[in-house]
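Every chain is numbered from 1, with letters handed out A, B, ... down the list of sequences. Quick caveat: nothing in here was measured; it's all calculated off a predicted structure.
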Amino acid sequence: MLDIKWIREKPDLIREAAALKRIPCDVDRLCAVDERRRAIQKELDDLRAESNELGPQMALFSNPKSDWYKRAVADGRTPEDIQALAAQTRQKLSDIKARIKTREEEARAIGEEFDQLMLTMPQPAAPEVPIGKDDSENVVLRHEGQVPSFAFEPKDHVALGTELGIIDVERGVKLAGARNYILRGDGAMLHYAVLRLAQDLMISRGFTPMVVPVLVRESVMYGTGYFPIGRDQAYLCERDEMSLVGTAEVPLTAYYTDEVLEEDQLPVKSVALSTCFRREAGAAGKDTYGLYRIHLFDKVEQVVVCRNDEEESIRFHHEILANAEAVLQALGLPYRVVNVCTGDLGQGQVQKFDIETWMPSRNSYGETHSASRFYEFQARRLNLRYRDKDRKLRFCHTLNNTVIASPRILIPILELYQNEDGSVTIPPALRPYMGGKERIVARGQS
RNA sequence: GGAGAGGUGGCUGAGUGGCUUAAAGCAACGGUUUGCUAAACCGUCGUGCGGGAAAUAACCUGCACCGGGGGUUCGAAUCCCCCCCUCUCCGCCA
């Protein structure tokens with residue numbers, strides 16, 4: 001959500017942002033509606049002011065003990081006079097009431113349209129974001145790690161996992177349809193291992209571990225900016241008017257909704273492991289093979305809520321990016337960091353760095369992490385504020401990044417650590433989480 | 001799921017139709033006094049949206065807000081209806 005006052009002053013900025021982000025929104029309509037809304041509000045306020053002035057007089061007219069009544073009688077008015085005056089005022093108030101009623105109906109209609117329009121306004125991207133139409137125009141900032149070459153013909157993760165008996169796509173689909181899977185034995189263990197490694201690293205870096213709801217009210221989805229644009233990506237539990245989250249970012253960021261924090265409580269750094277549910281609507285036919293694009297996965301997510309200060313936000317943005325990189329470095333995976341272009345940014349994102357990890361079966365880098373900063377965008381929607389040093393209320397800034405998402409991260413792990421005999425070497429950093437095991441071999445072998 | 005109790009400012013807590021512009025206390029902030037701390041005293045003390053004052057801070061002013069939404073009334077924190085949430089007990093249950 002943006003500040004309407006700001007939009008009013010600089011509608012061109014929003015128009016430009018919408019064009020660059022390729023997000024449809026009608027700034028002109030919003031401005032027109034805003035003007036009308038304020039005019040109606042002014043009329044309503046004036047009518048109510050009049051009503052508030054006349055109303056209390058009624059109490060005096062009907063109370064012979066009031067000072068006003070006594071004075072009126074002393075001035076020679078009869079009770080009949082006063083009664084007539086009361087009737088006249090009552091009539092006047094009734095008229096005002098009727099006018100208020102029609103104005104209120106207008107105000108409600110225009111207010112709803114205003115709210116809907118406001119929810120679609122995009123946050124302008126930072127100047128350092130490259131301009132581009134889609135992910136093909138993202139800019140690679142740097143490469144880390146060495147992309148290996150194999151002395152043998154490498155297998156993809158599905159072939160490897162199936163032969164090792166640790167990935168079972170077929171039965172996953174049998175139970176739950178396309179884009180589902182089952183991890184088994186060391187596959188499940190590997191999945192848990194990466195999640196635990198990620199959590200431990202974040203906790204050691206001062207993030208508070210949280211266990212949070214993954215089924216939330218729709219207002220929370222609106223507040224974090226996933227609704228209304230993107231609502232078709234969510235699984236809804238309509239009977240209960242709840243939505244399954246696609247990331248723990250949602251409950252972590254919304255944690256302090258409608259609250260006022262003290263400045264010295266900031267920054268709030270939290271981390272949560274959660275299951276993530278995504279419908280992948282509109283992705284039909286895309287990445288249909290393997291564990292890359294699936295309906296359900298587990299993810300460790302980091303969230304920072306900080307002061308309303310762009311420099312501070314940028315500093316934390318780099319910090320959460322570095323946290324994710326530390327995990328990939330611990331796992332020994334080659335990756336690159338990408339500056340996501342305007343056309344690939346979400347509605348509320350100011351800037352986004354994706355980390356793409358090398359995946360041999362794709363013969364390219366595939367997105368495994370996504371670090372975003374929002375400035376006030378989410379905090380405004382969530383009404384998440386703090387009191388600054390001058391005792392003034394300000395909206396917080398929010399940021400988030402993946403720490404690790406599995407099983408997608410198992411793709412590079414399995415494929416990069418595979419051996420010629422079809423076994424997979426377990427990255428040293430994960431061995432403590434797998435009972436010290438060093439290799440995954442097919443069942444039946446030792 | 002059943003029964004009951006309750007939701008008032010940062011907190012505690014009065015207030016059952018019109019001198020309530022929501023009392024009072026605590027906390028907080030500013031000040032005075034004081035070897036220091038504490039205490040005492042004085043003052044300030046909500047949020048949002050408008051309007052005005054040279055200004056989109058802290059001055060003036062209008063409106064709204066007593067869990068949310070409707071309704072009755074000239075007038076609702078107060079009366080009626082629906083919903084949400086919290087607590088207690090019962091039932092079911094990982």
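A:H369 and A:D354 are not linked by any side-chain donor-acceptor pair at a separation below 3.5 angstrom, with hydrogens and angles left out of the test. Donor-acceptor pairing under 3.5 Å is recorded for the side chains of A:Y235 and A:H295.
Using a 4.0 Å heavy-atom distance criterion, A:L393 is classed as a sugar-phosphate-only contact. Within 4.0 Å (heavy atoms only), A:K5 reaches sugar-phosphate atoms of the nucleic acid but no base atom. No engagement by A:D46 is indicated, since no non-hydrogen atom pair under 4.0 Å with the nucleic acid exists.
Spacing between B:rG68 and B:rG7 at atom C1', rounded to whole Å, works out to 12 Å. Taking atom P in both B:rA24 and B:rC82, the straight-line distance is 37 Å, to the nearest Å. Taking the P atoms as reference points, B:rG6 lies 12 Å from B:rA14, given to the whole Å. Nucleotides B:rG67 and B:rA57 place their P atoms 32 Å apart, quoted to the nearest Å. B:rA76 and B:rG70 have their P atoms separated by 14 Å, with the value rounded to a whole Å. B:rC84 and B:rA27 are spaced 39 Å apart, taking the P atom of each and rounding to whole Å. For the P atom pair drawn from B:rG30 and B:rC83, the interatomic distance equals 49 Å after rounding to whole Å. Straight-line distance between the P atoms of B:rU56 and B:rU72: roughly 40 Å, to the nearest whole Å.
Distance CG (A:L93) to P (B:rU73): 14 Å, rounded to an integer number of Å. Distance CD (A:E218) to P (B:rG68): 21 Å, rounded to an integer number of Å. Distance A:Q41 CD to B:rG62 P: 16 Å, rounded to the nearest Å. For the pair A:R394 CZ and B:rU47 C1', the interatomic distance rounds to 17 Å; values are reported in whole Å. The CZ-P distance, from A:R103 to B:rG62, rounds to 22 Å in whole Å. Rounded to whole Å, atom P of B:rG68 lies 14 Å from atom CG of A:N383. Nucleotide B:rG75 holds its P atom 16 Å from the NZ atom of A:K92, rounded to whole Å. One atom, CD1 of A:I4, and another, P of B:rG48, lie 17 Å apart when rounded to the nearest Å.
The A:M58 side chain lies nearest to B:rC74 when the options are B:rC74, B:rC63, B:rG50. Closest to the side chain of A:R385, out of B:rG62, B:rG48, B:rG51, is B:rG48. In the set B:rC74, B:rU56, B:rA64, B:rU56 carries the atom at the smallest distance from any side-chain atom of A:E9. Between B:rG75, B:rG70, B:rG62, one nucleotide has an atom nearer to the side chain of A:A49 than all others, and that is B:rG62. Distances from the side chain of A:K42 to the nucleotides B:rG50, B:rC74, B:rA64 place B:rG50 closest. Side-chain proximity of A:R108 to B:rG75, B:rG70, B:rC63: nearest is B:rG70.
Each of A:S94 and A:R387 was matched to the nucleotide of RNA chain B holding its nearest heavy atom; the match closer to the 5' end belongs to A:R387. When the nearest nucleotides of RNA chain B are assigned to A:L54 and A:S51 by heavy-atom distance, the more 5′-ward of the two goes with A:L54.
Between A:N52 and B:rC63, a side-chain N or O to OP1/OP2 separation shorter than 4.0 Å is present. Contact annotation: A:R48 side-chain N/O to B:rG75 OP1/OP2 distance is not under 4.0 Å.
Remark: B:rC63 base-pairs with B:rG48; criterion is Watson-Crick or G-U wobble with both hydrogen-bond distances under 3.5 Å. Under the Watson-Crick and G-U wobble criteria, each requiring two contacts below 3.5 Å, nucleotide B:rU86 is paired to B:rA5. Across all strands shown, B:rC19 has no partner, as no Watson-Crick or G-U wobble contact with both distances under 3.5 Å is found. Nucleotide B:rU73 forms no Watson-Crick or G-U wobble pair with any nucleotide shown, as no partner meets the under 3.5 Å limit on both distances. As the counterpart of B:rG25, B:rC11 is assigned, both hydrogen-bonding distances of the Watson-Crick or G-U wobble pattern falling under 3.5 Å. For B:rA94, there is no paired base (Watson-Crick or G-U wobble, both distances below 3.5 Å). Pair assignment for B:rC41 gives B:rG31, based on Watson-Crick or G-U wobble hydrogen-bonding distances that are each under 3.5 Å. Pairing partner, B:rA54: none, since no Watson-Crick or wobble contact has both distances short of 3.5 Å.
Both tests pass for A:R231 against the ring of A:F227: distance under 6.0 Å to the centre and angle within 45° of the axis. In this structure, A:R196 is not positioned above the aromatic face of A:Y433 in the sense of NZ or CZ being under 6.0 Å from the six-membered ring centre and within 45° of the axis.
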**OP:** Run the numbers on A:F374 and A:Q349 for side-chain contact (heavy atoms from CB on, under 4.5 Å), then give the verdict.
**Re:** CA-CA 5 Å; A:F374 291 84; A:Q349 294 161 345; 3.7 Å; yes
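With hydrogens and angles disregarded, no donor-acceptor distance shorter than 3.5 Å links the side chain of A:R381 to the backbone of A:M221. The backbone N or O of A:D287 sits nowhere less than 3.5 Å from a side-chain atom of A:R293 that would complete a donor-acceptor pair.
Crowding of A:E170 atom CD: a count of heavy atoms from other residues, nucleotides or ligands under 6.0 Å not exceeding 12.
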